[in-house]
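Computed from a prediction, not measured in an experiment: that's the story for all the values here. Numbers here simply count residues along the sequence, with the first being 1.
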Amino acid sequence: MFVCNLTLTIVTIALPVLARDLDSPRAFTNWVTLAPMLVVALCTPGAGRASDRYGHKRVWAIGLALALVGNGLSAIAPDLVSLLMARVLAGVGNALVIPAGLALASDCYEPNERAIPVGYWTSTLAISPMFGILLGGWLLDWISWR
């Protein structure tokens, strides 16, 4: 959950560099961070339903695979359109991981102890975007936006 959510904000700090490297207007480059967040917001409710219907572990594994593929394709994207498509794919993966991960964690606890995984899950959702920006800045300074 931490890594999937971190990837939503990790390129935020690199948007000016992305615009320059991909020879794109900065206004369009903003969609690199907005598109996956929008996809997560739109797809998470349906992903929760799919998780309940088809199995939490299965949906979580599919979501993780999609997120990994999307993030991998983002790293090799030759242009803005390819990067946006890869980020949307990663967003779909993240949307699947979020509710399925919470359900998997909750399944490991008795009903009277389920506040424990929900607390960890909520804390992770709250702090991981901050780490995405920090890590993104460090990676941009020392390696590359890719």
Side-chain angles (χ1 to χ4, degrees), residues 1-108 114 116-146:
M1 181 62 230
F2 182 85
V3 173
C4 282
N5 207 30
L6 174 126
T7 62
L8 292 174
T9 59
I10 199 164
V11 296
T12 303
I13 197 96
L15 290 177
V17 176
L18 281 167
R20 185 191 68 226
D21 288 357
L22 298 175
D23 194 30
S24 300
R26 271 183 87 174
F28 294 132
T29 309
N30 289 336
W31 282 100
V32 171
T33 50
L34 295 174
M37 289 182 194
L38 184 60
V39 168
V40 168
L42 291 173
C43 294
T44 298
R49 173 81 170 120
S51 177
D52 290 341
R53 185 171 185 165
Y54 301 110
H56 308 306
K57 190 174 182 180
R58 176 182 293 157
V59 171
W60 181 85
I62 291 168
L64 186 61
L66 289 174
L68 287 171
V69 169
N71 288 319
L73 291 173
S74 295
I76 61 171
D79 55 36
L80 184 61
V81 173
S82 301
L83 179 58
L84 286 173
M85 290 172 50
R87 297 279 294 160
V88 165
L89 179 64
V92 171
N94 291 347
L96 293 171
V97 166
I98 291 169
L102 177 60
L104 282 170
S106 294
D107 288 346
C108 295
R114 290 208 175 127
I116 295 168
V118 171
Y120 287 132
W121 185 81
T122 305
S123 299
T124 299
L125 280 175
I127 65 169
S128 53
M130 175 192 64
F131 283 104
I133 292 172
L134 294 172
L135 181 60
W138 182 84
L139 289 170
L140 185 62
D141 282 346
W142 292 99
I143 302 171
S144 163
W145 66 266
R146 293 189 182 272

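Among all heavy-atom pairs drawn from Ala35 and Val88, the shortest one is CB-CG2, 3.9 Å.
Rounded to the nearest 0.5 angstrom, Leu64 CG and Ile62 CD1 are separated by 11.0 Å. The structure places CZ of Arg114 at 14.5 Å from CH2 of Trp121, a figure rounded to the nearest 0.5 Å.
Taking Met85 as the reference, Val81 meet the side-chain contact (heavy atoms from CB on, under 4.5 Å) condition, with sequence neighbours excluded. Among residues two or more places apart in sequence or in another chain, the side chain to side chain donor-acceptor pair (under 3.5 Å) test is passed with Thr122 by none. Thr29 is linked by a side chain to side chain donor-acceptor pair (under 3.5 Å) to nothing, counting only residues two or more places apart in sequence or in another chain. Partners of Tyr120 according to the side-chain contact (heavy atoms from CB on, under 4.5 Å) rule, which considers only residues two or more places apart in sequence or in another chain, are Ile116.
Pairs engaging residues 30-45 under the side-chain hydrogen bond (donor to acceptor under 3.5 Å, both in side chains) rule: none recorded [sequence neighbours left out].
Using modelled atom types, one side-chain atom of Ser74 and one backbone atom of Gly70 make a donor-acceptor pair closer than 3.5 Å. Of the possible polar contacts, one joining the Arg87 side chain to the Val32 backbone as a donor-acceptor pair under 3.5 Å is found.
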Side-chain polar contacts of residues 128-137 - donor-acceptor pairs under 3.5 angstrom, sequence neighbours left out - could you list them?
residue : atom : partner : partner atom : Å
Ser128  : OG   : Asn5    : ND2          : 2.8
Ser128  : OG   : Thr124  : O            : 2.7

Show every donor-acceptor pair shorter than 3.5 Å between a side-chain atom in residues 89-106 and any protein atom, with sequence neighbours excluded, or say none if there are none.
residue : atom : partner : partner atom : Å
Asn94   : ND2  : Cys4    : O            : 3.1
Ser106  : OG   : Leu102  : O            : 3.0

